[in-house]
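Below is one structure; the comments refer to it alone.
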Amino acid sequence: MSLPARRIGILTGGGDAPGLNAVIRAVVRSATTAGIECIGIEDSFDGLMFPGRTRRLTVADVTGLHRLGGTILGTTNRGNPFAYPQKDSDVPADYSARAVEHFHALGLSALIVIGGDGTLAIAHEFQRRGVPIVGVPKTIDNDIVETSMTFGFDTAVAFATDAIDRLHATAHAHHRIMVVEVMGRYSGWIALYAAIAGGADAALIPEIPFELSRVATHINARDLLGARSSIVVVAEGATAVGGARMVVAPTRPGQAERLGGIAERISHALEPLTDKESRHVVLGHLQRGGSPLAFDRVLATRFGSQAVDLVQRRRFGVMVALRADRIVEVPLEFVVGRSRPVPLDSDVIQVARNMGMCLGD
Ligand code: F6P
């Protein structure tokens, strides 16, 4: 029988989300309580591939972290050790064996990986190569399967809602349309929640390809009823019927597609269709920064604490998840290669329609 864990590693991968630091704090505090030492690995798996990128984390190192956005460990969404991008070649290198060696050289008995679908897929590959993994799901996009919520989502939605509240005032003053672009990658959770919370007039999400003429008709009908302005929330991954997703730059090897630009396009196109002035706003990374709200702090702390509990019970190859307000474990293999769009029969979609919101269909 293997010995109980004495030293574990922790890393954060992919885009940052408010609550990452709260997970780190929860892991370090819970592990310390259990007599387990924590080693922080910097910049996702880069810290396992390259020397000098790890450090011991004590309770003193994580004091007050629950309040902070970002991640004290750093992160990247480009460093897949199984296909590491090379400066002078288009052919990526496989550094995974080096990472496994380093894991053992550090004397680690488990690795807690906090990340989104891409990072968790890499973690799953390491689990298959004998590295004991516990995953913690993270993303503002809320699109990870098997968990009903990820931390970071609530804070991102709150920021977008505040932005919409502000835009209502200026839109009304100038009789304008304001088109607000929010993140979310290929899912419309942020857009839909922020649109409902902010009382938007239209919400365009990747799950429902839109026809701009329908949005224009909706805005024109509102005007006839005396509305001076309209707010359209559009998810960065939304597409017109038969159209393609908009990207800001060609995708580089080892990097995910960078979405963006749809709000500007829609804003220009709506002007002739509505005979109104239109402006667009891209909320971008502002949605990811900032202090996590209470819900995200609590969820992150529960996830971190439960991850350490799973290490102690030697439950590896799993991810912590939220289900009906309980923290459960889910095999990583159930998560890999899947994503969680807003279901078309979701009550959230129905609620938006009941509120008279145009979804572009
Ligand atoms: O997955 C989180 C996310 O913020 C997406 O909503 C967005 O498309 C992407 O990351 C942006 O990534 P980057 O920070 O690499 O531009």
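Along the sequence shown, the residues carry numbers beginning at 1. Just follow the structure's listing: the first ligand is 1, and inside any ligand the first atom is 1.
- Judged by the shortest distance from any of its heavy atoms, H285 lies inside the 4.0 Å radius around the atoms of ligand 1.
- Across all non-hydrogen atoms, the minimal contact from G152 to A17 is CA-CB, 4.3 Å.
- Looking at atom 12 (O) of ligand 1, its nearest protein heavy atom turns out to be R288 NH1, 3.5 Å.
- Of the options I144, V335, V318, T147, a side-chain contact (heavy atoms from CB on, under 4.5 Å) to V330 is made by V335 and by none of the others.
- Within the 4.0 Å heavy-atom criterion, neither part of L259 lies near ligand 1.
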Item to check | Stepwise side chain to side chain contact (heavy atoms under 4.5 Å, CB included) test for I39 and I8 | outcome: CA-CA 6 Å; I39 302 296; I8 59 174; over 6 Å; no

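- Considering E257, E236, E207 as possible partners of Y186, the one that fulfils the side chain to side chain donor-acceptor pair (under 3.5 Å) test is E257.
- Note: an N/O pair closer than 3.5 Å links G184 and ligand 1 by distance alone.
- The protein non-hydrogen atom at the shortest distance from atom 1 (O) of ligand 1 is D141 OD2, 2.7 Å.
- Relative to the six-membered ring of F126, R129 misses at least one condition, a distance below 6.0 Å or an angle of at most 45° to the axis.
- The shortest contact between atom 15 (O) of ligand 1 and any protein heavy atom is with N77 ND2, 3.0 Å.
- Regarding atom 9 (C) of ligand 1, its nearest protein heavy-atom neighbour is R185 NH2, 3.3 Å.
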Item to check | Pair D61-T58, side-chain hydrogen bond (donor to acceptor under 3.5 Å, both in side chains): steps then yes or no | outcome: CA-CA 5 Å; D61 295 317; T58 65; 3.0 Å; yes

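- The shortest heavy-atom distance from G116 to ligand 1 is not under 4.0 Å.
- Partner L11 forms a side-chain contact (heavy atoms from CB on, under 4.5 Å) with one of I24, I112, L111, T54 and no other, that one being L111.
- At a heavy-atom distance under 4.0 Å, only side-chain atoms of E236, from C-beta outward, approach ligand 1.
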